[in-house]
*Asks:* 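Sharing a structure below in structure tokens format, with a few things to ask.
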Amino acid sequence: MTLIFKMIGILFCLLVLYVIWQAQELRHFNRTGYQVCSDKLKEVHKWVVLADLHLWRYGRHNERLLQAIREETPEAILIPGDLIVHTKPERFFVAEELIKQLTAIAPVYFSNGNHESRLEDPEHANYVPYQQLKKRMAELGVHILNNEREIVKAGADELVMIGLELPLSYYKKGVETPLAPDELSRCLGEPDASRYQILLAHTPKYIPEYFAWGADLCLSGHYHGGLVCIPGIGSVVSPQFELLPKYSFGRFDEGTRTALVSRGMGTHTFHIRIFNRSELLVVTAKPEPCGGIQ
Ligand SMILES: [Fe+2]
């Protein structure tokens, strides 16, 4: 009996230590730098990618996050979805407050993640608060790209910034949903192969299809790095309950095309990150030849 009480006591202490450690860990984020090259580029560009913030705050008014972004002096700030949590309209002010500061640093490009897509349904209880937030974001100058594109003049280059918003059926949990063959051309139209095309695509699940469509650079998040990451093996499970998901974080190359998947900047529902710290991506894009890959 004494042994059982000792075991329970040890487990309880370990649990308390884990809770304290986890709370501390969630207060930090890493900067992950990537370098990409393309013969479609004439100049060097630098972008910051802020994925899956989920209304998270780093310091009061997100000051630590804003300072980290300011220090990078990015040409643009790219947000491939899940800025919010769809069940927390009372906290949407956090997103608005952040966006206001971000637009003062650099142009912001945003596309819906699954949390925002849910709130595009007029039947949803939080439809109105999200439409109000989106309206406010547009007023603040955010380029909202939901199955839309913009040609961005950046020095001597003309970039194509594209935001993909896939139907919510592609986010179903526990089911393998292949991308319909015509889905990307239905959502995005035809690619513009003469220019460097940057695709903000919330889910990384269909990276090979994004490459096949013609994206030069895909930026994704969604999987939050898989919550728990085993060193040497990778992520354990995706938010869709897919075991050992292939595209949960990191860099994926195919010929001249690159996909960068962020571990995300926030959490929701399960506030767990083990060996999987939040990350802010900093992407430097250079003309060919650009030397070694970072
Ligand atoms: Fe997501």
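Just follow the structure's listing: the first ligand is 1, and inside any ligand the first atom is 1.
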*Asks:* Below 2.8 Å, can you find an N, O or S atom of Thr203 next to the Fe ion (ligand 1)?
*Replies:* no

*Asks:* Would you say the ring centroid of Phe211 lies under 6.0 angstrom from that of Phe252?
*Replies:* no

*Asks:* Does the side chain of Pro74 reach to within under 4.5 Å of the side chain of Ile69, using non-hydrogen atoms?
*Replies:* yes

*Asks:* Give a yes or no on whether a salt bridge exists between Arg136 and Glu139, defined as a side-chain N under 4.0 angstrom from a carboxylate O.
*Replies:* yes

*Asks:* Is the distance from the Fe ion (ligand 1) to some N, O or S atom of His222 under 2.8 Å?
*Replies:* yes

*Asks:* Taking both backbone and side-chain atoms into account, decide whether Asp82 has an N/O/S atom under 2.8 Å from the Fe ion (ligand 1).
*Replies:* yes

*Asks:* Report whether any nitrogen, oxygen or sulfur of His202 sits less than 2.8 Å from the Fe ion (ligand 1) (N, O or S, backbone or side chain).
*Replies:* yes

*Asks:* Could you check whether any side-chain N or O of Arg263 sits under 3.5 Å from a backbone N or O of Arg273, counting only pairs where one atom can act as donor and the other as acceptor?
*Replies:* no

